[in-house]
Visitor: 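Quick one: structure below, then a few questions.
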Amino acid sequence: MNSSQTKPRLDLTAFIPAFGIALLVACVLILKPEQAETWASNLMSLVTGHFGWLFVIFGFGTFVFALWLAFGRYGQVKLSRTDEPPEFSELSWAAMMFSAGIGIGLVSWSFVEPIYYLSTPPLHLDPHSPSAAEWGHMYAQFHWSFVPWALYAVPSVAVAYMLHVDRRPFLRISEVCRPLLGRRADGWMGSVIDTLIILGLLGGAGTSLGLGVPLVSALTTSLLGIEETLLTRLGVIGFWTLIFGASAYKGLKAGIRILSDINIFLAIALVLVVLLAGPTVFILSMSANSLGLMLDNFTRISFWLDPIEQSGFPDTWTLFYWGWWIAYAPLMGLFFGRISRGRTIRQTVLGIMTWGSLGCIAFLSICGAYALDLELSGTLPVTQLLDESGIPATVVAIVQTLPFSQLILAAFTLLSFVFLATTLDSSAYVLASISTRNLSGEQEPAKANRLAWAFALALIAVGLLFASALETVKSLTIILALPLTAVLFLIFRALLRVLNNDFGSRVRKSALVVRATDEES
């Protein structure tokens with residue numbers, strides 16, 4: 001094969017429809033916000049009401065399957081053709097995964113999610129009771145830890161195997177499914193799969209944008225002492241677009257990796273500041289207590305749907321989160337798989353699940369316990385602030401209770417900017433990869449392609465800002481998660497088939513018996 005055939009080039013058949021979808025989403029959010037919200041809300045209620053059981057079974061099943069991949073007979077399979085070391089160091093690899101995998105949503109929710117559960121607790125507990133505080137603190141960690149990162153880990157292995165072992169020149173989910181689909185991966189079936197992936201990515205990224213831009217704007221205006229207006233939010237989007245546009249332009253090693261390394265050190269420092277400046281003993285006690293609660297009740301809460309009393313808690317929280325993670329899972333599979341060359345399946349699965357879960361649990365347990373202490377001690381009326389002013393203003397008020405509040409507020413503002421940028425530049429990178437032909441595991445999509453997707457995502461952010469359509473995008477994310485469960489199932493089956501074809505005869509163990517002695521024979 002000559003070099004002209006192998007050189008990466010823009011795939012217009014994938015780029016034009018995908019880019020058109022992104023522009024259409026932004027236009028609909030701006031021009032028809034009320035109709036879109038009504039339609040999306042009704043359809044979301046239909047999906048959660050009729051298919052909630054599917055989401056919880058699929059989530060728990062993926063968690064079990066991920067553990068089987070790590071500890072089963074294929075765990076030592078290396079995700080490369082040679083015995084090379086991993087492409088990225090453990091720290092940079094973990095930093096890129098954590099920054100891309102959770103984004104600014106964690107900064108938004110780590111302080112306020114346990115407060116929401118204090119007012120509307122799970123399992124029919126009494127609101128604002130000690131039990132509601134304990135279970136609320138634990139439930140937030142459950143929603144961000146083992147099941148979500150298992151949903152990221154399995155497709156990551158499948159993508160990494162396709163890229164680094166089979167060396168197929170397309171960073172697309174349809175290509176991952178080729179062992180099952182055969183030539184149909186090149187036809188309408190492959191196009192449908194890749195379109196669903198793009199829609200899910202836009203929905204998940206849109207939710208991150210809808211949560212992130214108001215928070216960053218509130219942090220910035222509070223830090224500068226100016227009034228928050230539409231103009232300041234547009235300024236935030238403009239500055240943020242420059243950051244993640246430059247990172248996407250620089251590429252994986254010169255942009256995203258460096259940005260993620262900075263981000264992870266800043267996140268660790270801020271979490272330690274909250275731990276040491278706050279009620280340290282209370283935070284550590286709540287964290288240990290929540291870990292025990294989660295381990296003791298993991299199976300129960302993984303399947304709790306409240307079918308008799310129908311309080312609405314699973315639909316509002318657990319099913320939304322599972323839908324959000326499912327919508328993001330193929331994207332994260334494409335990105336994590338690309339950066340996992342040189343690791344074994346066991347190292348990849350356990351690394352993703354361990355580093356991701358530990359990072360989220362640390363953030364949620366420390367920041368959540370700090371917010372609960374402010375509420376329970378009467379230092380700050382967090383519940384009232386949340387009801388009256390919303391998440392961004394509440395987060396700002398909580399951060400301002402810390403010592404050296406202006407310095408810490410500046411650090412949280414920077415962290416939020418970088419978290420948002422790393423999530424979206426990884427999204428732009430994957431969207432550019434999907435729309436590129438002949439892209440091997442070592443190559444990167446064209447800079448102009450990456451920049452085009454960076455600005456398309458920025459346009460969606462502007463659309464969300466003008467339309468106030470966060471609830472619409474959240475609803476669409478849940479709706480898209482339903483067909484994406486089928487796509488993820490295809491990925492899992494394709495991975496099993498290719499592993500069995502390549503290694504089944506070498507790792508399948510026959511029964512072992514003690515050799516008979518001469519006397520017995």
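Since we're looking at a predicted model, the values are computed, not measured. Numbering of residues begins at 1 and proceeds along the displayed sequence.
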Visitor: In this structure, are over 12 heavy atoms from other groups packed under 6.0 Å from Arg493 atom CZ?
Guide: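 Incorrect, the count does not exceed 12.
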
Visitor: Between Asn297 (side chain) and Leu293 (backbone), is there a donor-acceptor pair under 3.5 Å?
Guide: yes

Visitor: Please set out all donor-acceptor pairs under 3.5 angstrom arising from side-chain atoms of residues 104-112, sequence neighbours excluded.
Guide:
| unit_1 | atom_1 | unit_2 | atom_2 | d |
| --- | --- | --- | --- | --- |
| Ser108 | OG | Ile104 | O | 3.3 |
| Ser110 | OG | Leu106 | O | 3.0 |

Visitor: Are Asp166 and Arg178 ion-paired here, with the side-chain N under 4.0 Å from a carboxylate O?
Guide: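 The answer is no: the pair does not qualify as a salt bridge.
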
Visitor: Please say whether more than 12 non-hydrogen atoms of neighbouring residues, nucleotides or ligands are located less than 6.0 Å from CH2 in Trp355.
Guide: no

Visitor: Just wondering, do Thr62 and Leu488 contact through their side chains at under 4.5 Å, heavy atoms?
Guide: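 The answer is no, as the side chains (C-beta and beyond) never meet within the 4.5 Å cut-off.
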
Visitor: Test Lys78 against every option in Thr348, Asp83, Thr344 by the side chain to side chain donor-acceptor pair (under 3.5 Å) rule and name the one that passes.
Guide: Asp83

Visitor: Under a plain distance cut-off of 3.5 Å, with no hydrogens placed, do His143 and Thr318 share a side-chain donor-acceptor pair?
Guide: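 Thr318 vs His143: donor-acceptor pair found between side chains.
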
Visitor: Please answer whether the main-chain N or O of His137 pairs with a side-chain N or O of Gln141 as donor and acceptor at a distance below 3.5 Å.
Guide: yes

Visitor: When you compare the side chain of Ile352 with that of Ser156, does any pair of heavy atoms fall below 4.5 Å?
Guide: yes

Visitor: Are the side chains of Gln76 and Ile345 in contact, using a 4.5 Å heavy-atom criterion?
Guide: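 Answer no - side chains too far apart.
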
Visitor: Give, for atom SG of Cys177 and atom CZ of Phe492, the distance between the pair rounded to the nearest 0.5 Å.
Guide: 10.5 Å

Visitor: Measuring only between side-chain heavy atoms, which start at C-beta, is Ile193 closer than 4.5 Å to Arg172?
Guide: no

Visitor: Has the side chain of Ser92 got a donor or acceptor atom that lies under 3.5 Å from a matching backbone atom of Ser89?
Guide: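 No; zero donor-acceptor contacts below 3.5 Å.
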
Visitor: Who passes ring pair (Phe, Tyr, Trp, His ring centres under 6.0 Å) against Phe63, sequence neighbours left out?
Guide: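 Ring pair (Phe, Tyr, Trp, His ring centres under 6.0 Å) list for Phe63, sorted by chain: Phe298.
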
Visitor: Judged by atom type as modelled, is there a donor-acceptor pair below 3.5 Å linking the side chain of Arg497 to the main-chain atoms of Leu180?
Guide: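 No, the answer is negative, given that no donor and acceptor are paired below the 3.5 Å cut-off.
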
Visitor: With Phe336, which residues qualify under ring pair (Phe, Tyr, Trp, His ring centres under 6.0 Å), at least two apart?
Guide: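 Checked Phe336 against ring pair (Phe, Tyr, Trp, His ring centres under 6.0 Å); matches are Tyr152.
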
Visitor: Do the charged groups of Glu90 and Arg343 touch, with an N to O distance under 4.0 Å?
Guide: yes

Visitor: Heavy-atom count check: over 12 atoms from other residues, nucleotides or ligands less than 6.0 Å from Phe503 CZ?
Guide: yes

Visitor: What I'd like to find out is whether the side chain of Trp144 reaches to under 4.5 Å of the side chain of Tyr139, using heavy atoms alone.
Guide: no

Visitor: Taking the side chain as every heavy atom from C-beta outward, state whether Val77 and Tyr161 have any pair of such atoms under 4.5 Å apart.
Guide: yes

